[in-house]
Amino acid sequence: MSSSQSVNANTKKGADRHLIFALGSEEYSVPLLKVKEVIEVPDITPVPHTPTYYLGIMNLRGQVISIIDLRLKLKNVKQELEKKTAVIILDFDGFCLGIAVSAVNRVLALTEDEINERPTMETTENLDYITGVAHRDKKLILLLDVSKALNVEDLNLIHTQKTQQAA
Amino acid sequence: MFNSWSLKAKLIGAFSFCATILAFVGGISYFRLNEVVFRYDHVVKNNMGNYIAVSNVLDATRRLNIMIGRLTNSNLTVDQLRTEEAFLAQALSDIDAGKKAYLAIPFVDGEDSLYQPVDQSLAKVIEFSKRVLEMSRTNDPESLKKRDEFAYTYDTVRVPYREAMDRLKDFQSREADKWSKSADSAASSATIMVLSLVTVGVIISFVLGLFISTSITKTMLRVSDQLSSGADEVTSAASEISSTSEQLSASATEQASSLQETASSIEEMSSMIKQNSDNANRSSETARSGQQSVDKGKHVISEMLDAMNSIDAANKEISEVVKVIGQIANKTKVIDDIVFKTQLLSFNASVEAARAGEHGKGFAVVAEEVGNLAQMSGNAAREISDMLEQSLERVERMITTSKQKVEVGINVGKRCGDVLDELVVSVGDVNGMAGEIASACQEQSRGINEITRAMTQLDQVTQQNASASQQSASAAEQLSQQAETLRASAMELMQLINGRAQVGMVYQQPHAVHRPHTAAAKRKPTQLAGKTRKKAPGSADGVPNAQHEGFDEAA
């Protein structure tokens with residue numbers, strides 16, 4: 001029954017699929033099409049002279065990928081690497097980035113009705129990386145654009161990694 | 001010194017003093033009166049007698065004068081002569097009588113020298129008269145003439161006699177004056193002396209009487225006050241004795257009843273002591289059986305210790321079970337890992353299905369289902385692991401508590417053994433003590449016999465006490481009556497001292513003196529008694545009050 005329902009939901013028009021994950025107790029989501037892979041926490045090689053949220057680099061089937069502690073980045077709370085901790089590999093048009101999250105929960109198809117505009121918030125920070133707020137089962141889910149969440153320095157760092165890799 | 005005298009001595013002394021004064025005054029008066037009487041007697045007997053004698057002699061001589069006068073110039077007949085002779089004889093006898101009377105009275109100094117001339121001149125006068133009469137016996141005128149001439153010379157005899165007689169008379173008159181004056185003065189001085197002595201005696205007697213009566217009255221008042229207060233005290237004491245003896249009698253009665261109760265109690269005690277002795281014997285038997293029971297108990301305790309050891313072994317087996325549970329938990333972790341990996345796989349499958357677009361839709365559903373199954377099995381594994389943890393905790397708690405309990409049980413068992421050992425000793429002690437109790441019971445029964453004897457004596461003494469208290473009650477009544485008598489005597493004494501009118505007032509005063517704190521309260525009745533004294537003579541106010549006070553004190 002639930003499977004037929006979810007199939008129906010997934011086949012709805014205008015329904016986008018999202019991967020729901022948790023940072024601490026809050027739930028966030030990224031579009032499923034941006035996700036390349038979900039893996040366990042791999043062996044991470046730390047890189048000197050990098051910010052604290054930059055955990056290091058890893059080897060994914062011959063490809064070197066940077067891993068960021070998204071919780072530390074967004075909420076300034078360090079992510080403890082434990083059994084449930086997973087790393088989501090995101091694909092940004094060619095180059096990949098790993099983000100460590102507290103837990104990967106499920107895959108959801110969210111219709112446009114379920115997605116609301118980002119509300120106005122009292123902050124000096126740039127909050128463009130929050131693209132919207134979805135509500136499901138009385139819980140709110142923040143929709144993230146991770147590329148916007150990473151600032152220029154990060155992007156440069158990642159780019160350097162990529163160019164080094166290319167070289 | 002005066003106070004040390006007896007009342008009799010005082011009175012006798014006072015009266016003898018008065019009598020002495022009286023005797024003194026009387027003696028003085030007697031002697032002075034005698035003196036006066038003597039003087040007056042002298043005046044009457046001597047002076048007046050002399051005076052009268054002199055006057056008689058003078059009268060007789062005057063008759064001689066008359067006779068001579070008649071004879072002169074006369075020629076008398078024989079009858080006439082005889083008459084004249086009788087006349088002369090009469091006069092002469094009168095003169096003799098007067099002289100005798102005068103001479104009978106003793107002479108004083110200087111009287112004799114005055115008397116002698118008188119006597120001589122008187123003799124001459126008498127001679128002269130006789131001669132004249134002799135000469136008249138003739139009728140011869142010549143001789144008569146001679147006689148007349150001779151008669152004319154009468155003055156030569158008469159004048160000296162007259163002068164001597166006047167001197168004697170004057171002397172006698174002076175003597176009489178002197179004696180009467182001295183008698184007068186003696187009388188007046190005696191009067192003054194007696195009067196003054198009487199006055200002094202009266203004053204001294206009055207003062208002495210006042211002093212003695214005051215002192216005696218004071219003393220007797222004090223004595224009667226003390227008597228009356230003593231009577232009050234005796235009355236109260238008597239009533240106290242009476243009440244005390246009543247109490248004593250009552251307590252003696254109570255004592256007698258208590259003694260009876262005690263006697264019955266002692267009988268009960270004696271029977272109880274017999275029971276005690278039996279019980280002591282029985283308890284020694286019981287102690288012996290108790291010893292056997294203790295031996296059994298020791299067996300039981302060793303069995304219990306064995307059981308405890310087997311429980312300990314069972315606990316070790318249970319800890320083996322705990323190990324098994326830990327292994328199960330490890331297996332559950334493996335399941336968890338598998339679930340996690342399956343979930344990741346399902347997410348990756350979803351990603352791949354999304355990449356495949358329309359063609360991957362079915363696959364996406366499958367992937368989701370797999371994810372859901374993985375979630376469910378993950379939840380189940382979590383529940384199992386929670387339950388395992390809980391049961392593990394519980395079992396561990398169980399083991400620790402049962403270990404502790406077993407340890408406690410072993411300790412308790414060991415202590416039980418110790419206690420049972422002690423119990424063996426104690427039971428032996430109990431056995432000995434029971435024997436001691438039995439012997440003590442025998443001694444007690446001996447003591448009880450002695451107590452019973454003592455109780456009998458006590459009973460006798462109590463009866464004696466009761467009779468003694470009754471006697472003392474009757475004695476107290478007698479005492480009270482005697483106190484009443486004493487009070488009456490005191491009242492009588494008061495009446496004797498103060499007279500009937502003042503007794504009521506005087507009777508109140510000792511109370512005011514003896515009890516100063518009630519003086520204010522007593523003042524009114526005293527004044528009342530003073531006011532009613534005139535209306536109702538006697539002690540009607542004082543005595544009943546005093547009696548009430550006495551009873552109040554006794555109460």
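So you know, we letter chains A, B, ... as the sequences are listed, proteins then strands, and number each from 1. As a basis for the values below, the full set of heavy atoms in this structure was taken, side chains included, without hydrogen atoms, waters or symmetry mates.
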* **More than 12 heavy atoms of other groups within 6.0 Å of A/Asp43 CG** => no
* B/Lys333 atom NZ: more than 12 heavy-atom contacts under 6.0 Å -> no
Shortest non-hydrogen contact between [X] and [Y], atoms and distance:
| X | Y | result |
| --- | --- | --- |
| A/Arg106 | B/Phe347 | CA-CE2, 3.5 Å |
| B/Arg355 | A/Lys36 | NH2-CA, 3.1 Å |
| B/Gln343 | A/Asn105 | NE2-O, 4.3 Å |
| A/Leu33 | B/Ala354 | CD2-O, 3.7 Å |
| B/Val351 | A/Val35 | CG1-O, 3.1 Å |
| A/Leu32 | B/Ser350 | CD2-O, 3.8 Å |

* Asked: Donor-acceptor pair, B/Asn348 side chain versus A/Val38 backbone, under 3.5 Å?
  -> yes
* Structure fact -> Whatever's closer than 4.5 Å to a heavy atom in chain B on A/Ile39 counts as backbone
